[in-house]
Amino acid sequence: MPVLSSPSGGPPSDDWDRVLPFQLDALGVRGRLVRLGPVLDEVIERHGYPLAVARPLAESMVLCATLATSLKYDGIFTLQLTGDGPIRLLVTDLTSDGALRGYAQFDSWKLAIALGSGNEDVPDGYIPKLFGQGRLTFTVDQGQYTERYQGVVPLEGATLADCAHTYFRQSEQLPTGIKITARRDDTGGGHRWHAASLMVQQMPEFDAGRMDVDAEQREDDWRKAVILMASATEKEMLDPALPGTTLLHRLFHQEQPRVFERRPFAARCRCSRERIDNVLRSIRREELGDLRDKTGRVSVKCEFCSTEYTYDDSDLDRVYAPAAEEADPSKSGLS
């Protein structure tokens with residue numbers, strides 16, 4: 001099995017911000033290893049989230065990338081957590097061409113109370129404490145001419161991986177095991193994030209070419225794959241100097257894992273002035289007062305990337321002109 005390395009001794013150049021698909025033919029199992037680094041730095045650090053919000057976001061982004069790349073779709077895969085706790089909303093999505101983004105909404109006062117004095121990081125089993133009662137939603141949107149798929153389950157479990165397992169159990173999907181971890185390292189120049197997710201999934205009998213294997217043996221093989229996956233340590237999963245292929249070989253060497261072509265991710269938002277124009281058109285112009293700043297201009301900030309779009313009255317004339325012309329054809333020059 002090839003081992004990737006970096007001449008500088010640092011992380012392999014093609015090993016982070018990527019998914020590494022693999023297959024364990026001997027066990028009838030396929031899987032994904034997703035490791036995120038610079039993408040997380042770019043998305044999370046621009047918001048200045050407290051650590052107790054940033055780490056759940058990092059975990060949700062790596063879970064989103066893991067689940068999305070296990071599907072065949074052409075569009076947008078979205079993972080969303082909503083609850084009545086200190087973190088009200090957490091959203092991350094991935095396009096089929098690898099553009100990943102995310103953001104969170106939270107109540108600073110409630111967060112401080114939930115964490116207690118002197119605590120900054122999330123507690124073990126943070127889902128109930130930080131999200132409260134809520135739900136986990138997966139959405140696949142392939143455009144206006146296709147039916148949107150959505151799966152919704154309660155936020156049941158102590159961790160995000162537990163919640164994902166609840167989804168797979170309730171949705172009657174193939175047996176699936178997931179392990180997720182994320183960490184922020186403090187460096188001289190600031191913070192650096194690493195997150196990883198390891199997923200194994202039992203393949204359909206026909207796809208695995210195991211039609212002649214009895215149910216008891218398939219169950220034993222599946223249990224073995226989950227045990228081996230769970231043996232991965234946080235240090236191994238997040239070690240920037242450990243290639244993903246080496247990690248898989250350590251875990252599954254007896255099963256001789258087959259690895260496939262990596263797919264890269266990039267931190268890229270889809271917001272644009274044209275999109276914001278369309279959002280404003282959905283609001284009556286006389287109702288824009290709450291969006292105006294001290295200078296009287298309308299200001300709209302993208303929650304994903306924090307880009308701010310401002311509009312003075314002449315900009316608004318342009319935005320609302322099509323609506324005005326449609327209402328009064330004489331102004332369009334077509335009458």
Side-chain angles (χ1 to χ4, degrees), residues 32 34 36 39-40 43-44 46-71 76-95 99-115 120-141 148-171 173 176-184 193 195-197 199 265 267 269-270 302-306:
R32 294 283 188 277
V34 174
L36 300 180
V39 161
L40 295 179
V43 171
I44 293 175
R46 71 160 60 101
H47 291 284
Y49 292 133
L51 185 56
V53 175
R55 190 148 74 89
L57 179 57
E59 290 190 5
S60 72
M61 289 178 65
V62 78
L63 175 60
C64 175
T66 303
L67 298 179
T69 55
S70 69
L71 302 173
I76 305 166
F77 179 94
T78 303
L79 182 152
Q80 178 174 299
L81 285 82
T82 56
D84 58 7
I87 302 179
R88 300 187 300 269
L89 174 68
L90 195 155
V91 182
T92 180
D93 62 36
L94 177 68
T95 65
L100 184 63
R101 62 181 189 169
Y103 78 94
Q105 293 179 356
F106 63 99
D107 186 307
S108 299
W109 177 249
K110 286 184 178 181
L111 184 65
I113 294 175
L115 295 177
E120 294 183 0
D121 202 354
V122 293
D124 292 335
Y126 63 82
I127 290 292
K129 196 165 190 176
L130 298 187
F131 288 90
Q133 297 294 317
R135 61 184 187 177
L136 175 64
T137 305
F138 303 108
T139 305
V140 179
D141 188 345
R148 188 172 69 166
Y149 168 80
Q150 188 170 79
V152 183
V153 294
L155 281 178
E156 294 181 351
T159 67
L160 186 56
D162 291 338
C163 296
H165 288 144
T166 298
Y167 165 74
F168 282 105
R169 286 195 302 268
Q170 295 188 5
S171 63
Q173 300 280 347
T176 303
I178 298 177
K179 185 166 186 174
I180 304 169
T181 186
R183 184 183 69 224
R184 187 186 74 179
W193 280 95
S197 176
M199 182 179 82
F265 308 116
C269 191
R270 300 190 305 278
C302 174
E303 292 185 291
F304 281 99
C305 68
S306 297

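As a basis for the values below, the full set of heavy atoms in this structure was taken, side chains included, without hydrogen atoms, waters or symmetry mates.
Sequence neighbours left out, the pairs with a member in residues 81-94 that pass side chain to side chain donor-acceptor pair (under 3.5 Å) are Asp93-Arg101, Asp93-Arg270. Applying the ring-ring contact (aromatic ring centres under 6.0 Å, His included) rule to pairs touching residues 50-69 yields nothing, sequence neighbours excluded.
Once rounded to the nearest 0.5 Å, the distance linking CG of Leu160 with OG1 of Thr181 reads 11.5 Å. From Leu36, atom CG reaches atom CG of Leu100 across 6.5 Å, with rounding to the nearest 0.5 Å. Interatomic distance, Ile180 CD1 to Ser197 OG, rounded to the nearest 0.5 Å: 5.0 Å. With rounding to the nearest 0.5 angstrom, the SG atom of Cys302 is 9.0 Å from the OH atom of Tyr103. Atom SG of Cys163 and atom CD1 of Ile178 lie 11.0 Å apart (nearest 0.5 Å).
In this structure, Leu155 and Leu81 have side chains that are in contact, with non-hydrogen atoms separated by less than 4.5 Å. Side-chain contact between Val122 and Val53: absent, with no pair of heavy atoms (C-beta onward) separated by less than 4.5 Å. Using a 4.5 Å heavy-atom cutoff, the side chains of Phe77 and Asp141 are not in contact. Looking at heavy atoms from C-beta onward, Leu79 lies out of side-chain contact with Thr137 at the 4.5 angstrom threshold. No side-chain heavy atom of Glu120 sits under 4.5 Å from any side-chain heavy atom of Pro50. A 4.5 Å side-chain heavy-atom check between His165 and Glu156 finds every atom pair outside the cut-off.
Not counting sequence neighbours, Arg148 has no partner by the salt bridge (charged side-chain N to carboxylate O under 4.0 Å, His left out) test. In this structure, Phe106 has no ring pair (Phe, Tyr, Trp, His ring centres under 6.0 Å) partners at least two apart in sequence or on a different chain. His47 meets the ring pair (Phe, Tyr, Trp, His ring centres under 6.0 Å) test with Tyr49; sequence neighbours excluded.
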For Gln150 and Val152, what are the C-alpha separation, side-chain angles and deciding distance, and is it a side chain to side chain contact (heavy atoms under 4.5 Å, CB included)?
-> CA-CA 7 Å; Gln150 188 170 79; Val152 183; 4.0 Å; yes
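In terms of heavy-atom proximity, Val34 sits nearest to Ala65 at CG1-CB, 3.9 Å. The shortest heavy-atom contact between Phe304 and Cys269 is CB-SG, 3.8 Å. Annotation for Thr69 and Arg32: closest pair O-NH2, 2.8 Å, computed over non-hydrogen atoms. Gly157 and Asp162 make their closest contact through CA-CB, 3.7 Å (heavy atoms, listed as atom of the first residue, atom of the second, distance). Across all non-hydrogen atoms, the minimal contact from Met199 to Leu67 is SD-CD2, 4.1 Å. Of all heavy-atom pairs between Ala68 and Leu94, the closest is CB-CD2, 3.7 Å.
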Enumerate donor-acceptor pairs with a distance under 3.5 Å from any side-chain N or O in residues 123-136 to protein atoms, sequence neighbours excluded.
| unit_1 | atom_1 | unit_2 | atom_2 | d |
| --- | --- | --- | --- | --- |
| Tyr126 | OH | Glu59 | OE1 | 2.7 |
| Lys129 | NZ | Ala114 | O | 3.3 |

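The only option from Arg183, Met61, Arg184 that meets the side chain to side chain contact (heavy atoms under 4.5 Å, CB included) definition with Trp193 turns out to be Arg184.
Side-chain polar atoms of Thr139 and Thr78 form no donor-acceptor pair below 3.5 angstrom.
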